[in-house]
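Heads up, the thing below is written out as structure tokens.
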Amino acid sequence: MYEPLKRFQTYRGKDIRITSGSARELPPGTFAVLAIGGGAEGWGLAHIGPDGDAADLGGEYYFPTPEEALDFLHQLIDLMLDGGAPGEG
């Protein structure tokens with residue numbers, strides 16, 4: 001069943017923000033799903049490091065919807081926490 005997309009959420013203990021603003025406004029340690037061109041150009045992913053620096057997690061790759069970007073971010077967090085062990089996910 002469809003669940004509404006929440007602007008602020010936590011997944012496996014990691015804070016995630018969905019925003020059309022700048023990643024620089026987010027607190028350190030936060031993951032972000034960012035609207036590119038207000039969402040018209042796609043959705044990107046970033047992580048805010050301990051010093052407040054934003055790292056682009058997708059490079060040149062953008063997602064057509066925020067839900068797809070969020071799903072991919074969940075997979076990245078799973079990989080980070082589980083180490084990509086076979087049979088997980």
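FYI, side chains are in, hydrogens and waters are out, and symmetry mates aren't considered; it's all heavy atoms of this structure.
Within the model, atoms CG of L79 and CZ of F72 stand 9.0 Å from one another, a figure rounded to the nearest 0.5 Å. The CZ atom of F31 lies 12.0 Å from the CG atom of L70; values are rounded to the nearest 0.5 Å. Note: I16 CD1 to H47 NE2 = 10.5 Å, rounded to the nearest 0.5 Å.
The two residues Q9 and R17 make their nearest non-hydrogen contact at O-NH1, 3.9 Å. For L34 against A23, the heavy-atom pair with the smallest separation is CD1-CB, 4.0 Å. Nearest approach of A69 to L45, heavy atoms of both residues: O-CD2, 3.5 Å. When all heavy atoms are compared, the tightest approach of A35 to G39 is CB-N, 3.5 Å.
T65 is linked by a side chain to side chain donor-acceptor pair (under 3.5 Å) to E68, counting only residues two or more places apart in sequence or in another chain.
Using a 3.5 Å distance cut-off with no hydrogens or angles, the side chains of D15 and T30 do not pair a donor with an acceptor.
Using a 4.5 Å heavy-atom cutoff, the side chains of W43 and Y62 are not in contact. Contact annotation: the side chain of R7 approaches that of T19 to within less than 4.5 Å [non-hydrogen atoms, C-beta and beyond].
Apart from L26 itself, the hydrophobic cluster it occupies contains I48, where clustering links Ile, Leu, Val, Met, Phe, Trp and Tyr at side-chain heavy-atom distances under 4.5 Å.
Under a 4.0 Å N-O distance rule, the pair R12/D82 qualifies as a salt bridge.
In this pair, H74 and Y11 present their aromatic rings parallel. The plane angle is below 30°, not in the 30 to 60° band.
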Show me, pair by pair, the donor-acceptor contacts under 3.5 angstrom made by side chains of residues 50-59, not counting sequence neighbours?
unit_1, atom_1, unit_2, atom_2, d
D56, OD1, G58, N, 3.0
D56, OD1, G59, N, 3.2

